[in-house]
Amino acid sequence: MSFTTYSTQPFKDQRPGTSGLRKRVEIFRRGNYLKNFVQAVFDTQTELVGNTLVLGGDGRFYNREAIQIVLKMAAANGVARVLVGTGGLLSTPAASCIIRKYTAAGGLILSASHNPGGPDGDFGIKFNTANGGPAPERVTEAIFARTLEISDYRSSNDPDLPLDTSGTYQLGDMRVDIIDPVTDYAQLMEGIFDFDAIRRLLAGGFRMRFDAMHAVTGPYAIRILEKHLGAPPGTVINGVPLEDFGGHHPDPNLVHAADLVAMTQGTDGVDFAAASDGDGDRNMVLGRGIFVTPSDSLAILAANATLIPAHRHGIPGVARSMPTSQAVDRVAAALGIECFETPTGWKFFGNLLDAGRIAFCGEESFGTGSDHVREKDGLWAVLAWLNVIAGRGESVAEIVAHHWQQYGRNYYARHDYEGIKAKAADGLMKALRERLPQLPGSLLGGMTVSYADDFSYTDPIDGSISENQGIRIGFSDGSRIVFRLSGTGTVGATLRVYLEAYEPDPGRQQEDPQTALAPLITIANQLAEITQRTGRDAPGVIT
Ligand code: G16
């Protein structure tokens, strides 16, 4: 094996956020920025030596270059075998599936998720552990600590590999298998869902669109929906992965997937529409004339879990991130199963899934998934919905309406103030924290505060504690306001305000959420002095 050890200088800003290290592309391409982080992974995750690593990304700008860099560093650091997707592509859930299926020691996923791509966009890298899930905090902290003291990195002197040609290659002593990125994942899906029922649904005139947003899910959706399930060609739109996602945000929400939303409107609207993000882990679900909030989607899938063959005997429990609405809590209570509230970040579900305490979990940030992998999974959610629609024989709107009638409706919205000054955001959160002790029992906008705290989580499996995970203000009628700073942005700070109000009366469940939540929106703005502190009089994005 021929490799060279190069000296390097540490960077001080390589602490992974909510989901890996995300920065501007220009930062990743500067000097040894990427190499330092990758070397820190190899220095701390010593089980990778002599073992298998899974490698792939969402195809964004710099993906191919980064894959070649990681391959050479893996070879020089003693990795025995790397499984990499053709073209350097692997969706995040597919990477998780492949790590588990081939009992790899871990994976490196190159993605900045839903953030824009291209030379002026974002890039990211994330280490997943042997369970297929995002590394827990103790691992990311160890990697970060190593980045602060790193002085050299190793890289093999071999030439680049032909990423577009599947096959087995040798890089020094290391074997590299360039594999089809879709096959293993498609097989996994087929084992979970009732594909025959979905085929019958699609053959019976049910009209759907899936928007891959020119990101990684295009090849997955075309293979599974059009080839395996028989949806007509053209069902998948924007299906070709592009390095800059066609210049759009590959972010499946009402703002960035507005064209798809339009296809669900009017009497001629499609029956079902869905979109996924840059790396394929997020999902947005729509029916004709209706948007299903991610929080409701989780609750509805949990309530209908037994329609899915892999869960026909029921699910042991569910989990949601703290800011996600409490809709799923009501389903869990009715089913008599466990329900966990975790901090934001899929990594916090890993222990619960591994321990078999939960089978479904989800987040308000368009993330839904199950115990089939250890990542959220956009296409899994789409197939789960199709399976439930086929099983119930109802439209999306009917399923949602019946769910609310049975469990009540949790009106929900998230207001994002993006790109605000970090100092202003920190000041706002600090001022809120200082007011917390006085709030319980007080009246805000005529509503009684029943609790006010900064969310802290003790992992029930390993006892690890995560503090300062967001400010929760709960009212006596079950309404909530949550304030958090995003851990995934790359410019300034993003303030997220999450609003939730419970409505049990079926006669009052058809209001516009912004109207139903108006009293809470006013309270949130006044309490946090959002306009005064950020200079913004309205959120930039409402989801
Ligand atoms: C990531 C995490 C999610 C999290 C989301 C938003 O998603 O995996 O668990 O909910 O970011 O996080 P924040 O509110 O801190 O920005 P993704 O799809 O970006 O990897």
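Both counts, for ligands and for their atoms, begin at 1 and track the order of listing. Just so we're clear, the structure is a prediction, and the values are computed from it rather than from any experiment.
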Atom 17 (P) of ligand 1 - nearest protein heavy atom and its distance: Ser113 OG, 3.1 Å
Of the listed options Arg22, Arg282, Lys126, closest to atom 6 (C) of ligand 1 (non-hydrogen atoms): Arg282
Short question: side chain of Ser113, backbone of Asn115 - any donor-acceptor pair under 3.5 Å? no
Parallel, tilted or perpendicular: which fits the ring planes of His256 and His249, with parallel below 30° and perpendicular above 60°? parallel
Do we see a donor-acceptor contact under 3.5 Å between the side chains of Glu363 and Thr344? no
Can you see whether Thr368 engages Asn283 through a side-chain donor-acceptor pair at a distance of less than 3.5 angstrom? yes
Gly487: numbered ligand 1 atoms lying under 4.0 Å from its heavy atoms: 13 (P), 15 (O), 16 (O)
Quick check on contacts: which atoms of ligand 1 are under 4.0 angstrom from a heavy atom of Ser19? 1 (C), 2 (C), 8 (O), 20 (O)
Backbone or side chain, does any N or O of Thr18 fall under 3.5 Å from an N or O of ligand 1? yes
Starting from atom 2 (C) of ligand 1, what is the nearest protein heavy atom, named by residue and atom, and what distance separates them? Lys376 NZ, 3.5 Å
Under 4.0 Å from any heavy atom of Thr344, which atoms of ligand 1 are there? 4 (C), 10 (O), 12 (O)
Heavy atoms only, cut-off 4.0 Å: how does Asp281 contact ligand 1, side chain, backbone, both, or neither? side chain
Does a salt bridge link Glu243 with Arg60, judged by any charged N lying under 4.0 Å from a carboxylate O? no
Counting from 1 in the order shown, the ligand 1 atoms closer than 4.0 Å to a non-hydrogen atom of Arg484 are 13 (P), 14 (O), 15 (O)
Using the six-membered ring of Tyr417, assess whether NZ or CZ of Arg533 lies under 6.0 Å from its centre and within 45 degrees of the ring axis. no
Proximal atoms of ligand 1 relative to Arg496 (non-hydrogen, under 4.0 Å): 13 (P), 14 (O), 16 (O)
Do Arg480 and Glu341 pass the salt bridge (charged side-chain N to carboxylate O under 4.0 Å, His left out) test, and can you show the C-alpha distance, the side-chain angles, and the key distance before you say yes or no? CA-CA 14 Å; Arg480 285 197 317 171; Glu341 181 177 44; 3.3 Å; yes
Using heavy-atom distances only, which candidate in Ser486, Gly378, Ser365 approaches atom 4 (C) of ligand 1 most closely? Ser365
Is Lys347 close enough to touch ligand 1? Criterion: a residue heavy atom under 4.0 Å from a ligand atom. no
Check: Pro181 main-chain N/O paired with Tyr220 side-chain donor or acceptor under 3.5 Å: yes
Can a salt bridge be assigned to the pair Asp354 and Arg374 using a cut-off of 4.0 Å between side-chain N and carboxylate O? yes
For ligand 1, which is the ligand I care about here, please tell me if Gly345 has any N or O atom under 3.5 Å from one of the ligand's N or O atoms. yes
Salt-bridge contact Glu141-Arg15 (side-chain N to carboxylate O under 4.0 Å): yes
Give me the ring orientation class for His372 and Trp380: parallel if the planes are under 30° apart, tilted from 30 to 60°, perpendicular past 60°. parallel
What residue and atom, counting heavy atoms only, is the protein's closest point to atom 11 (O) of ligand 1, and at what distance? Thr488 CG2, 3.3 Å
Atom 9 (O) of ligand 1 sits nearest the protein heavy atom Glu363 OE1, 2.5 Å
Considering only heavy atoms of Trp346, which atoms of ligand 1 have at least one such atom less than 4.0 Å away? 9 (O)
Contacting atoms of ligand 1, where contact means under 4.0 angstrom from a heavy atom of His114: 19 (O)
For ligand 1 and Arg414, I'd like to know whether there is a polar contact (N/O to N/O, distance under 3.5 Å). no
